[in-house]
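Worksheet: the structure to be examined is printed underneath.
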2 protein chains.
Amino acid sequence: MTDAPGKPRTTIVTLSRSAGVSTSTVSRALKGDPSISPSMRARIAALAAEAGYMPNIMARTLSSGRSGLIGLVLGAASNPFYAMLLEELVRQAAARQQRFMIIHAGAGPIEDSTAEALLHYRVDGCLITSADLSSRAADICARNGVPVVMINRIPRQHASAVSCDNAEGGGTLARFLRAGGHRRAGILHSGAGSSNGIERERGFTEAFTRGAARIVFRFDARSVYEGGYAAGEAIAEMPAGKRPDCLFAVSDIIGMGAMDALRAKGLRVPQDISVVGFDCIPDGARPHYAITTFRQPVAAMVRRGLDLLAARIGEPSLPDEAVLLRGEIVIRASARQAAGDAWDKAAG
Amino acid sequence: MTDAPGKPRTTIVTLSRSAGVSTSTVSRALKGDPSISPSMRARIAALAAEAGYMPNIMARTLSSGRSGLIGLVLGAASNPFYAMLLEELVRQAAARQQRFMIIHAGAGPIEDSTAEALLHYRVDGCLITSADLSSRAADICARNGVPVVMINRIPRQHASAVSCDNAEGGGTLARFLRAGGHRRAGILHSGAGSSNGIERERGFTEAFTRGAARIVFRFDARSVYEGGYAAGEAIAEMPAGKRPDCLFAVSDIIGMGAMDALRAKGLRVPQDISVVGFDCIPDGARPHYAITTFRQPVAAMVRRGLDLLAARIGEPSLPDEAVLLRGEIVIRASARQAAGDAWDKAAG
DNA sequence: ATCGGGAACGCAGACGTTTGCGTGAAATGA
DNA sequence: TCATTTCACGCAAACGTCTGCGTTCCCGAT
């Protein structure tokens with residue numbers, strides 16, 4: 001079965017024999033069952049440590065139904081935001097003794113056979129982080145009673161979700177731009193498939209369009225740098241009078257593309273046109289971009305997401321829940337702002 | 001145990017009963033054992049499909065010792081190269097009916113408890129993609145007979161590896177730069193901990209330093225954008241006569257940082273100084289950078305890596321193997337080149 | 001002296017698959 | 001026609017852990 005040479009992995013049975021007790025006692029002792037005497041518990045713990053005992057999770061899963069495995073659907077890695085999210089997820093999950101099984105990574109659609117793997121492995125729950133609205137994995141989970149939590153996404157039926165308050169973020173950015181004297185905004189969105197983008201744009205538009213201020217330009221940048229770049233080129237082509245005086249990109253990566261295109265065409269950012277983004281990805285902090293943006297509270301989002309999932313794994317009948325976390329504006333050099341600190345006060 | 005309400009998951013036992021045969025027959029029929037008659041096989045397959053049967057991998061693992069899970073150690077996601085790698089890995093693994101369990105992601109060290117999870121879950125093998133030389137996970141695997149394959153890394157003891165021919169890549173870049181008339185090179189390396197960087201630098205130096213050409217500058221850019229930026233600033237400070245006339249960054253991300261810094265300080269790339277990188281990450285193709293680089297054959301590397309691993313899972317006694325794949329230079333605008341197509345000929 | 005009641009463990013079945021050995025029956029060869 | 005294969009399938013023992021029920025022993029309270 002395993003490697004022929006004589007290493008009979010130490011198991012609970014091995015331990016029970018060398019301790020002269022039953023396997024059930026060993027099992028219970030190892031997980032701190034109060035019905036085992038402290039002395040016995042200590043003795044078994046010592047034995048286990050000495051023998052280098054490693055529990056066989058597969059066996060545990062088979063017996064108890066709990067695998068400690070969480071299915072993970074990851075968004076397009078071309079957006080550094082998901083890289084951030086991934087690292088934070090893995091870190092926090094490990095601290096909770098949970099591991100991720102990757103179901104999918106990338107922009108493409110999820111094949112059925114892939115999504116079903118999630119059932120084969122009896123994952124305890126499933127985490128979906130993808131702005132993409134359609135998700136086969138979520139359906140399969142829902143049909144089979146596997147709790148689903150979405151991070152960075154608006155909840156769908158049969159799923160809990162935690163995301164940043166996208167509308168509020170868009171609104172904050174809009175107020176900042178207005179305070180900086182901008183009245184003609186362009187919006188670089190990411191199509192109808194992205195729930196985040198839709199919310200951000202809604203919040204922005206509502207807060208921006210007061211008085212004479214209006215949205216004078218919209219462009220579908222598809223959540224990729226190239227899309228933003230194309231938008232920037234289009235804007236640069238416009239006659240100076242028609243051009244927006246500021247740009248709201250629903251994600252930093254788009255905004256960065258736009259900035260590069262504008263500059264390549266000879267326009268100055270922020271002197272000729274201001275640009276703000278969303279997400280606060282590390283790349284946006286580089287001096288070359290220094291993009292003003294809205295930071296999503298990634299660590300907190302991950303923590304709440306994992307909490308939500310853990311709760312539903314423990315008690316599957318819990319109702320779906322959507323939590324919105326507040327982010328914060330990060331002011332950098334890519335957008336002109338009002339003189340003095342008027343904004344600081346207004347921001348409260 | 002599972003959800004109380006009446007859904008008794010269809011198992012092999014269920015199927016065996018409704019088919020009126022033994023469980024062993026069902027098991028064998030489902031996996032195409034030739035000792036089962038075609039008619040029986042068809043009948044059982046139909047039954048399984050109809051009942052929506054899903055094998056319980058945990059039970060299979062317990063019995064057969066093979067989990068179909070591969071442990072994955074991922075490098076720092078701040079380098080987009082690993083994002084590329086991840087997507088390709090997940091895609092190809094899924095096609096082979098294999099899944100990844102994430103052991104670690106990011107730059108930080110791997111905790112022991114994390115690495116041991118890999119034993120708890122009885123992973124069939126382990127894939128390590130990280131330029132970082134030290135790796136706790138590899139040791140643990142080696143000690144427990146779990147095959148290890150490293151991608152994008154020089155092999156260590158007890159591990160197979162597949163990587164791009166880094167030295168050859170460095171050499172190619174060096175010859176390209178020489179052909180472009182450069183004689184004073186600066187090298188932006190990533191410290192002694194990166195086996196890739198070391199090889200790339202070695203190959204570059206050997207090919208570049210002929211005749212009057214020499215390496216006039218070295219800088220540890222730690223594989224991050226900021227490191228490259230710092231290097232660029234340092235170079236811009238140098239008196240014009242002392243400055244290198246070209247820069248070899250052992251990874252694109254470093255080179256991009258350097259380019260931004262040089263330009264911010266008023267130097268022109270490539271007019272004042274040429275810059276070449278390594279990896280061919282998508283970001284480097286952006287018009288703003290257009291960095292000349294060396295493309296690693298990622299898809300092929302992943303394929304060979306998975307092959308290597310599969311072979312060793314099947315036959316653990318196979319000796320370690322190191323495979324080097326040839327990459328190709330990608331010429332863009334960040335480096336001056338010789339007039340005409342002299343290079344094309346010389347490259348062969 | 002009897003009884004009720006924890007405390008501390010042991011028994012044994014279950015979880016769902018896999019697999020080494022059978023074992024009848026049909027097919028083959030002489 | 002009989003011995004020998006080959007075919008197709010069944011038996012049952014793992015795999016390692018969990019857990020619902022006992023069972024024993026010891027104590028303090030009647």
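Labels below follow one simple rule: chain letters A, B, ... track the order of the sequence lines, proteins then strands, and each chain is numbered from 1.
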Taking only the side-chain nitrogens and oxygens of [X], find out if one of them lies under 4.0 Å from OP1 or OP2 of [N].
| X | N | value |
| --- | --- | --- |
| Tyr121(A) | dG16(C) | no |
| Thr61(A) | dC15(C) | no |
| Ser22(B) | dC11(D) | no |
| Ser27(B) | dT17(C) | no |

May I ask you to say what [X] touches in the nucleic acid, namely base, sugar-phosphate or nothing, with a heavy-atom cut-off under 4.0 Å?
| X | answer |
| --- | --- |
| Ser35(A) | base |
| Ser24(A) | base |
| Met40(A) | sugar-phosphate |

Leu30(A) CG to dT17(D) C1', straight-line distance once rounded to whole Å: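 Distance check: Leu30(A) CG to dT17(D) C1' gives 11 Å.
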Mind calculating the distance between CG (Leu62(A)) and P (dC15(C)) to the nearest angstrom?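 It works out to 9 Å between those atoms.
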Counting only distance, no hydrogens or angles, is the base of dT17(D) paired donor-acceptor with the side chain of Ser63(A) under 3.5 Å?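 Checked by distance alone, the answer is yes.
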I'd like to know if Arg28(A) reaches the base of dG10(C) with its side chain such that a donor and an acceptor end up less than 3.5 angstrom apart.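 Yes.
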Judged by modelled atom types alone, do [X] and [Y] share a side-chain donor-acceptor pair under 3.5 Å?
| X | Y | value |
| --- | --- | --- |
| Arg66(A) | Thr61(A) | no |
| Asn196(A) | Ser194(A) | no |
| Arg28(A) | Ser35(A) | no |

For the pair Asp307(B) and Arg96(B), find out whether any cationic side-chain nitrogen is under 4.0 Å from an anionic carboxylate oxygen.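 The answer is yes: the pair qualifies as a salt bridge.
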Assuming nearest nucleotide by heavy-atom distance, tell me which of Thr25(B) and Met58(B) is located more 5' along DNA chain C.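 Looking at the nearest nucleotide for each, Met58(B) comes out on the 5' side.
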Runs of at least three Watson-Crick or G-U pairs with DNA chain D, cut-off 3.5 Å: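 Only these stems qualify: C:1-30 with D:1-30.
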